[in-house]
Amino acid sequence: MRIGIIGAGHIGTTLSRHFAIVGHDVSLTGLLVARTVRAVASFADVVVVAIPFHRYPELPRAEVAGKPVIDTTNYDPGVDPPMRELDEDRITSSELVAAHLLGAQVVKAFNAIRWEHLRDHAHRDRFAGRRGIPVSGDHVRAKKTAMALVEEIGFDAVDAGGLARGGRKFQPGTPVYAADLTASDLRARLHLAT
């Protein structure tokens, strides 16, 4: 699979290494050169967004239309400019990304794990204490693709539901966020969050 990663920070570079190890063709870029970002998005079968949340309006639209887009971002009031609709929990950050990327199949994943744990706990087999990664989305095919990628790099994918309701269950401030849980414990906590 061709995976384009937009964002060359800790999450983006860590995922690029993991995906390459399992045999995917990976292209990684920051947001500095718009032409390069568009080229990476065009190249990809799946696009991973791993940028600071407030920069989502810079993401290319046409190049991701119809493609699975894995959103790893989180709204951080300490870093991002204040956004009333997010502060009042009227919408989730991934819903804003999906609204901007209208036509893309946005899935939320890899946002509830610390990057060091994403780096250090990957590539484990099923009997070696794998960590669970929650995934939410409204597009069945895109969610299955994201969950397959989670599994391929040695984590257990846990379906958290749709983008709005499911995404709220593992955003910052929830008991699931950065909790470093096994899949069964993660499912239990997600269930309690309903």
Side-chain angles (χ1 to χ4, degrees), residues 1-16 18-20 24-77 79-112 115 133-150 157 159-168 170-172:
M1 188 181 304
R2 294 178 303 182
I3 302 174
I5 301 178
I6 301 172
H10 290 307
I11 295 290
T13 55
T14 301
L15 285 174
S16 71
H18 291 332
F19 293 146
H24 294 292
D25 189 358
V26 180
S27 184
L28 172 72
T29 184
L31 276 175
L32 295 176
V33 182
R35 185 174 18 158
T36 305
V37 173
R38 288 193 304 271
V40 166
S42 294
F43 147 90
D45 301 312
V46 175
V47 176
V48 177
V49 174
I51 59 174
F53 168 73
H54 67 273
R55 297 192 66 185
Y56 80 87
E58 299 174 48
L59 294 169
R61 292 176 174 166
E63 292 81 1
V64 300
K67 295 180 181 181
V69 174
I70 300 173
D71 174 26
T72 73
T73 68
N74 286 306
Y75 171 60
D76 182 349
V79 175
D80 297 310
M83 299 190 76
R84 188 177 210 172
E85 62 265 50
L86 292 172
D87 293 331
E88 295 175 355
D89 197 30
R90 287 185 273 141
I91 195 167
T92 64
S93 59
S94 288
E95 288 175 287
L96 288 176
V97 171
H100 173 72
L101 299 177
L102 194 61
Q105 301 171 356
V106 176
V107 178
K108 186 79 163 181
F110 299 113
N111 69 300
W115 81 267
I133 300 276
V135 180
S136 66
D138 300 326
H139 301 275
V140 173
R141 181 179 66 86
K143 191 193 291 189
K144 283 183 180 178
T145 298
M147 293 178 79
L149 287 170
V150 168
D159 189 339
L163 199 59
R165 190 170 176 199
R168 277 186 172 84
F170 57 95
Q171 62 190 2

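For the single chain, residues carry numbers from 1 onward in sequence order.
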Could you check whether any side-chain heavy atom of [X] comes within less than 4.5 Å of a side-chain heavy atom of [Y], counting everything from C-beta outward?
{"X": "Leu96", "Y": "His100", "value": "no"}
{"X": "Glu63", "Y": "Val47", "value": "no"}
{"X": "Leu15", "Y": "Thr72", "value": "yes"}
{"X": "Leu149", "Y": "Ile3", "value": "yes"}
{"X": "Phe170", "Y": "Lys108", "value": "yes"}
{"X": "Phe53", "Y": "Leu86", "value": "yes"}
{"X": "Pro68", "Y": "Arg141", "value": "yes"}
{"X": "Phe110", "Y": "Val48", "value": "no"}

NZ of Lys144 to NE2 of His139: how many Å apart, nearest 0.5 Å?
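So the NZ of Lys144 and the NE2 of His139 are separated by 14.5 Å.
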
Nearest non-hydrogen partners of [X] and [Y], listed with the distance:
{"X": "Pro60", "Y": "Leu101", "answer": "O-CD2, 3.4 Å"}
{"X": "Arg168", "Y": "Thr92", "answer": "CG-CG2, 3.5 Å"}
{"X": "Ile51", "Y": "Ile6", "answer": "CG2-O, 3.4 Å"}
{"X": "Gly137", "Y": "Lys143", "answer": "O-CE, 3.1 Å"}
{"X": "Gly4", "Y": "Phe43", "answer": "N-CE2, 4.4 Å"}
{"X": "Ser136", "Y": "Leu163", "answer": "O-CD1, 3.9 Å"}

Could you walk me through whether Tyr56 and Asp71 satisfy the side-chain contact (heavy atoms from CB on, under 4.5 Å) test, starting with their C-alpha distance in whole Å, then the side-chain angles of each, then the deciding distance to 0.1 Å, before giving a yes or no?
CA-CA 10 Å; Tyr56 80 87; Asp71 174 26; over 6 Å; no

Look at the side chain of Asn74 and the backbone N and O of Asn111, then say whether any donor-acceptor pair between them is shorter than 3.5 Å.
yes

Only one of Asp138, Thr145, Val135 passes side chain to side chain contact (heavy atoms under 4.5 Å, CB included) with Val107, and that residue is Val135

Would Val37 and Leu31 satisfy side-chain contact (heavy atoms from CB on, under 4.5 Å), going step by step from the backbone distance to the final call?
CA-CA 6 Å; Val37 173; Leu31 276 175; 4.0 Å; yes

Candidates Asp76, Thr73, Asp80 - the one meeting side-chain hydrogen bond (donor to acceptor under 3.5 Å, both in side chains) with His54:
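Single side-chain hydrogen bond (donor to acceptor under 3.5 Å, both in side chains) partner of His54 among Asp76, Thr73, Asp80: Asp80.
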
Heavy-atom neighbours of Arg35 CZ exceed 12 at 6.0 Å
no

